[in-house]
Amino acid sequence: MRVVIGEDEALLREGLALLMERAGFTVVALAADADQLLDAAREHRPDLVVTDIRMPPTHADEGLRAGLTIRREQPDTALMVLSQHAQRRYATDLLAERASGVGYLLKQRIGDGESFCADVRRVAAGGTVLDPELVGTLLGRARPDDDPFHGLTARQRDVLGLMVEGRSNAAIAQRLVITEKAVVRHVSRIYDQLELRVDEEDHRRVLAVVRYLSR
Amino acid sequence: MVPGPAPAGRSWIAAARRPRGSAPDPRPRTPHPHAPALLPLTTAVALLAAIEAAVLLSQPNAPWQLVLFPVAACTWFAAGTVAAVRRPASRIGTLLLAGALVWLTAGLANGPYPALSAVGLVVAALPLAIVGHLLHAFPSGRLPSTASRVIVGGLYVAALVLQAPSWLFRPDGVGSPLQIADRADLAQLGQSVQDVVGGGLMLATAVVLVVRLRAATPAQRRTLAPLALYGVAAVVLVPTLSRLRDPLLGGDPLVLFTLQAVLLGLVPIAFVATLLRGGFAPTADPRDLGARLAVAADDERRRIARDLHDGVQGRLVLLALRTNELRRRADDADAVRGGVDALRRELDATQDELRRLVRGVLPAALAEGGLGAAADELADRMPIPTTVAADDDRYPAAVESAGWFVVSEALANVVKHSGARSAAVRIAATDRGVRIEVDDDGTGGATTDGTGSGLRGIADRVDVLGGRLVVDSPPGRGTRIVVEVPCAS
């Protein structure tokens, strides 16, 4: 699995490269700003790009823009973006074109090397990953009293949260210690309650639910 | 019910209204720049007025009405002093004090000293111009628009320059040293020109005032309209009465003069009474404003320091303690693994805390994604459903900072005071800058006085950037806050 890493903080960049190499990835290039990232991706055509959202020169969302450009030019490339803060707008931008093979995590998740790499592998395999903090904010937004969201049970909300994180039914079942069939039942009740028509598994449903929750 | 677009340039009414009967701002005001001089100045003016009155009246056959000049000077001076002391941020006081000096000087025209008399003649029409100036500059004392500046400039030109034929061509009182020819006809012509020009300028003034009144709220209009009417009427009537002297008043010039002096002499009382009665908050003097902003910034710093100390620093100390423990049990691999995991969990929690703090101070969303993204973040964390309608426009950093502060404070107020069930934020680019609206459906009744200073903070921040704030908050009908900030781009 060939990776290009974009990160302007030198120590973090090296640390991330080391972490990923140890986990079996091949780091083919390191970039310190958005332009370098674009060049590296075009030259090396990696399977996966891991980048900070905020990069020089303007320290706005260069990294994200560069990542999305790379995805447009090389649609098979998976993209994992990292940020100090969880922002809803980035998630919607990221998911907008294609929800498969994208991830958005808080930088601090790197601290747990194993689970970070597991998430990266999920993204590289075509799944979707959204940081639990972002999901928490999405679920926690105040809603009008008549919003159907209020009709979900606690268990259904747990399932919904894990769905939005991008986990598969099997993973949700494992996390909540219930059967996969139970998960499927919950999921279909959630769709009914929220009046969503989602036929796909995994990544498409993330987009649909995120859109619903973002109203 | 937001008033119409602001008149060109800075708004006449710079801040939101303060309801009548509310307690005056308890914070100490920075005193008027001339305050230390007021006591000696009052003594000096009183003395001068008395002397002038004595001199004028000591002339043979002097009518008592001559004393109306120094008396008018005293009313203008008294009014100016009151305005300067009670509303130091407004320049109206200074204008009135200047007017008092002009009255004293004009009174000299009727005195026995030719040189002084000449000076008096030159400034004789100035009081009218000053009243016009007062009308345009109310209540801040500054001229808010180019139109005002042009008209007032014209008034001063009419009062001084067009006054020239009166003293060049006609002796008044004792043979004037400035006279170059005795041409009563030219003097008369000059007078007519002055009247026409002055009248035209006052018409323009009336138009400007009507436009401003239309942009004001109905309550403001009730307070300001009588003043505008009186002021314009006074300035127009005084020369008109001179014209109509014969048919109207049976030709007694003294009665006419008394009328004119009374009209003009009472103008400052009307102005100051309106200024004090309020209906509009004291205008933002940069010194006052600077002090308030500095206090607010200090409070904010203190809050941040306290949050860092209580939240983050505390946690870091605990983490350090844990590492001690780990060291002690370094030989027990399981204990070390468990300890390290616990350490990482605590680090995560500290990161969360820090992130929360930073978001409260100035969120990354603002620098990275702009005002709309930052407003989204604020809205997401509201306890009541809050919608945000904003696009991705970016504005200069100072404007975005202030805009974020406005939304943040306004939403905090909604949570704290309004009891609303929903709120809405709208951010849109205008051709002059950005317009931010925060609505809620709560109890209304929001004001910018001292209590719960959130709105005052918004007003200050907005003022510094030359923007304007309008608060529409009828009790029981929710609150709408509209802020417009210009961008110099």
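Residue numbers begin at 1 in each chain, while the letters A, B, ... track the order of the sequences.
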Candidate polar pairs, chain B side and chain A side, donor-acceptor under 3.5 Å:
residue	atom	partner	partner atom	Å
B:Arg355	NE	A:Glu133	OE2	3.4
B:Arg355	NH1	A:Gln108	OE1	2.8
B:Arg355	NH2	A:Glu133	OE1	3.0
B:Arg355	NH2	A:Glu133	OE2	3.4
B:Glu368	OE1	A:Tyr90	OH	2.8
B:Glu368	OE2	A:Arg54	NE	2.7
B:Glu368	OE2	A:Arg54	NH2	3.3
B:Asp376	OD2	A:Arg89	NE	2.6
B:Asp376	OD2	A:Arg89	NH2	3.3
B:Asp380	OD1	A:Arg88	NE	3.2
B:Asp380	OD1	A:Arg88	NH2	2.7
B:Asp380	OD1	A:Arg141	NE	2.7
B:Asp380	OD2	A:Arg88	NE	2.8
B:Asp380	OD2	A:Arg88	NH2	3.4
B:Asp392	OD1	A:Arg89	NH1	2.8
B:Arg421	NH2	A:Asp145	OD2	2.3

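By the side-chain hydrogen bond (donor to acceptor under 3.5 Å, both in side chains) test, B:Asp298 is found to be paired with B:Arg301, residues two or more places apart in sequence or in another chain being considered. In this view, B:Ala335 and B:Arg329, B:Asp332 satisfy the side chain to side chain contact (heavy atoms under 4.5 Å, CB included) rule, not counting sequence neighbours.
B:Pro385 approaches A:Ala142 most closely through the heavy-atom pair N-CB, 3.4 Å.
Contact count against chain A (heavy-atom pairs under 4.5 Å) is highest for B:Gly372 among B:Pro383, B:Gly370, B:Pro363, B:Gly372.
Residues of residues 317-326 of chain B lying under 4.5 angstrom from chain A, judged on non-hydrogen atoms, do not exist here.
Only the side chain of A:Leu106 comes within less than 4.5 Å of a heavy atom in chain B; its backbone stays farther off.
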